[in-house]
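Bear in mind that the values here come from a model prediction, so they are computed numbers and not experimental data.
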Amino acid sequence: MGWDSALLLSLAVDAVMLTWIVVPAVLLGILVGAIPGFSAQNTLIILLPLTLAMDINMALAFMVSLYCATHLGGGIPAILVNMPGTGGAAATTLDGYQMTLKGKAQQALVLCFVASTIGGLVTSIATVALLPFLAQVGMYLRSVEMVAVMVFGLVLIAAIAADDPLKGIIAGFFGLMIGAIGTDHIYGTPRAAFGFLELYDGVPLVPALIGLFAISEAFSMMERSTIVPRSAVVDSRAHWADTLEGLRLSLKYWWLTIWTSFVGLLIGVVPGAGASIASFVAYQQARMFSKTPDEFGKGFAPGVVAPEAANNGVTSGTLVPLMAIGVPGGSTAAVMMVVLQYHGIVLGPRLFIESPEIAYGIFFSMTLSYIVMLFTILPLARYMSQVVLIPTRILVPLILSLTIVGAFANREYVFDMGLALVFGVIGYIARKTNYHVTAILIGIILGPLFEQYLLRSLRIGQGDLTILFSSTIGNVLWAFVVLSVLLPWLRSRQQERHRRAERENPAALTGDQPR
C-alpha cells in the first residue's frame, strides 16, 4: 500500500479529536495496572458492553489507551513497594525497588514513566511504517526459534544470581518445577496437580506473582516501621530536582530505551509471547551489553529503563498479528478482536485495503495515548514517591486486602486466594534465606513455555535434537545466547586480571614510572 498523505493527515486529526476519551482511559488504565491482579483484559471484558455501544473508532481508542496505560501503571508499585502490578513489571523490581531503598523513588518513577511512554511512542510510530514487514516476523519465529528466545530469558537467572550462583540455580530450578505443574502439553496427562482441578491448566501466574512479590514483601514490611530505611527518609522527600535528575538520566540512556523497546516490539509480534518475556529478555540484553554489569540489581537506572521500555514496546507488537492475519497476539488483543468482529470488521490482509482507517488508525490512537500519558503522569511522580513515607502499619493491611482480592479477580476462584498466600510464605522464606524470588518467577513464567516450544520442535523433528539448530534465524539466536553467557564471564576475568595487575604493580598501570 502506498502512503497517502491525505489519509495520514485525516487519521492524525481523527486521533486528536478522540482525546476526550483517551484521557479517562489512560487514568483508568494506570489505576488498573497499579493494582496486582487487575488486568487490562479483565477490565475490558467488564466494560465490553460499553465499548460495543460506542462508535468503532472511539471504542478502539478507549481500549488501546487503557491497554497501554496498564503497562505503565504496573511499574509504579514495582518501584515503590517491590510489588509488580503486572507480570511485565516484575523485572522492574530488580533495580526500581533498590533505587527506592536508596531514597531515589522519584527518580526511578520518572525513569519508568519516560521509558514506558517513549518506548511505546517510538514503537507505535515504527509499527505504522513497518506493519507489512512486522506481519511476517511472527511467521519466521516458529517453535524452533522460540526455544532460543525462551533460553534468553532463562539465562537471566544466572545473571541476577551472580553473587551466589548455587542459590540462583536452586531458585530457578524450583520455579521450573512449579511451572511443570499442570497438564502435559502433548499427551494431556496431569502432573503434580494433587487432584486440584484448578491446577490442571498449570499454576496461574497472577496468584504466583502476587504471592512471591506483594504478600511476601508485606510480611517483610511488618518487621519495620517504614518502607525505606530511616537513613533514606530525608532523601525520599519530594523535590523537583529529583524529577529533573530522572529526566537527565532518561536522556542519558535514550539509546537503551529505543533498543529495548524494539526488543519488546519484536517479541510482542509473536502470538503467545508477552510483556513478561519481553521485559526479562530486555533486562538480560541490557545487562549483557553494559560496561558495568555488576551494577545491575543494585539500583542502576538502566535496570529500570530496559524492562519498562520493552513491556510498552510489546503493546504495538501484540496488535500486529491481529491486524495482519486475524490472530490475536495476546489476551487483550483477543478482547479487541471481539469488538472489531461485532462491528463487522474483517481482519486480515484485506483490512489494509478495505478499511485502512481502522488498520492504521489504531496505532495513531496508541501514539496519542502515549503523549497524553507522558504529560499527565510525569508531574505526579513527585507526589507518588511519597507513598514510601506512609507507615507500614497502614500500608500492610491495604496491600494484603488489595492483593488477595486481585488474586481472586483474575479467575474468580477462592482457590487462587489460598494459592497466593502459599506463594507469599514461599517468597518470605526465600527472602529470609537470600534466594532470589525473581529467579523463581522466571522459572514459573518461562518454564511451561520453554517446555511447550521444545516438545513441539522435537515432535516436528521426530525426536531429533538437531532440529533446534536447523534454521538460520534460530542459529543466529543461539549464537547470541552463547555470547550472552560468555561475554559477562570474559569481562569478569578481564577485570579480575586488571585488579590483580594493579595490586602487584600499581605504578605501571597509572603510568607513574619511577625515574
Side-chain angles (χ1 to χ4, degrees), residues 12 15 18-19 22-23 25-30 32-34 39-40 60-76 78 85-89 91-92 109-131 134 247 250-251 253-269 273-279 281-283 304-320 322-323 329-330 332-333 336 360-378 381:
L18 292 170
T19 306
V22 168
V23 173
V26 163
L27 295 175
L28 179 62
I30 291 171
V32 167
S39 64
L60 287 175
F62 179 81
M63 288 191 293
V64 296
S65 301
L66 189 145
Y67 174 45
C68 297
T70 52
H71 283 284
L72 183 144
I76 297 170
T86 61
T92 309
L109 285 173
V110 173
L111 282 167
C112 165
F113 297 160
V114 174
S116 294
T117 51
I118 299 299
L121 194 61
V122 167
T123 51
S124 57
I125 293 170
T127 304
V128 174
L130 301 174
L131 197 51
L134 288 170
L247 287 171
S250 301
L251 290 173
Y253 297 108
W254 65 270
W255 55 271
L256 183 62
T257 305
I258 305 295
W259 168 38
T260 49
S261 63
F262 276 97
V263 169
L265 174 63
L266 291 175
I267 291 178
V269 170
S276 303
I277 296 169
S279 57
V281 170
Y283 187 92
V304 177
V305 170
E308 283 301 314
N311 71 31
N312 269 274
V314 164
T315 54
S316 303
T318 53
L319 297 180
V320 170
L322 175 67
M323 295 287 135
T332 308
M336 291 185 195
Y360 292 101
I362 196 167
F363 295 102
F364 275 79
S365 297
M366 191 176 278
T367 303
L368 174 68
S369 70
Y370 280 115
I371 294 171
V372 168
M373 228 181 287
L374 183 64
F375 287 102
T376 52
I377 200 164
L378 198 56

Side chains of Leu111 and Glu308: does their closest heavy-atom pair fall under 4.5 Å?
no
Candidates Leu18, Val26, Leu28 - the one meeting side chain to side chain contact (heavy atoms under 4.5 Å, CB included) with Ser65:
Val26
Thr260 and Ala309 have their tightest heavy-atom pair at OG1-CB, 3.4 Å
Looking at CG of Asn311 and OG of Ser116, how far apart are the two atoms once the value is rounded to the nearest 0.5 Å?
5.5 Å
Thr70 versus Ile30: any side-chain heavy-atom pair under 4.5 Å?
no
Where do Ala310 and Ala278 come nearest, in terms of heavy atoms and distance?
CB-O, 3.7 Å
Decide whether Thr367 and Ser124 meet the rule of one side-chain donor and one side-chain acceptor closer than 3.5 Å.
yes
Minimum heavy-atom distance Val305-Ala115, with the two atoms named:
O-CB, 3.7 Å
Contact check, side chains of Thr257 and Val122, non-hydrogen atoms, under 4.5 Å
no
Indicate yes or no: at least one non-hydrogen side-chain atom of Leu265 is less than 4.5 angstrom from one of Phe262.
yes
Between Met366 and Leu319, is there a side-chain heavy-atom distance shorter than 4.5 Å?
yes
Closest non-hydrogen atom pair between Leu247 and Val110, with its separation:
N-CG1, 3.6 Å
Which value, rounded to the nearest 0.5 Å, describes the distance between Met63 atom CE and Ile362 atom CD1?
7.0 Å
Side-chain contact, heavy-atom cut-off 4.5 Å: Leu109 with Phe113?
yes
Given Val114 and Ile118, is the side chain to side chain contact (heavy atoms under 4.5 Å, CB included) satisfied, shown in steps?
CA-CA 6 Å; Val114 174; Ile118 299 299; 3.8 Å; yes
How about Thr127 and Tyr360: does a side-chain donor come under 3.5 Å of a side-chain acceptor?
no
Measuring from atom CD1 of Ile125 to atom CZ of Phe364, what distance do you get when rounded to the nearest 0.5 angstrom?
9.0 Å
Over 60° means perpendicular and under 30° means parallel, so classify the ring planes of His71 and Tyr67, tilted if in between.
perpendicular
CG/Leu72 to CG/Leu374 distance, rounded to the nearest 0.5 angstrom?
9.5 Å
Less than 4.5 Å apart, side chain to side chain, heavy atoms only: is that true for Asn312 and Tyr370?
yes
Where do Ala91 and Pro307 come nearest, in terms of heavy atoms and distance?
CB-CB, 3.8 Å
Are Tyr283 and Thr92 side-chain neighbours, meaning at least one heavy-atom pair lies under 4.5 Å?
no
Determine the minimum heavy-atom distance between Gly120 and Ser316, stating which atoms define it.
O-OG, 4.2 Å
Donor-acceptor check, side chain of Thr318 to backbone of Thr315, threshold 3.5 angstrom: yes or no?
yes
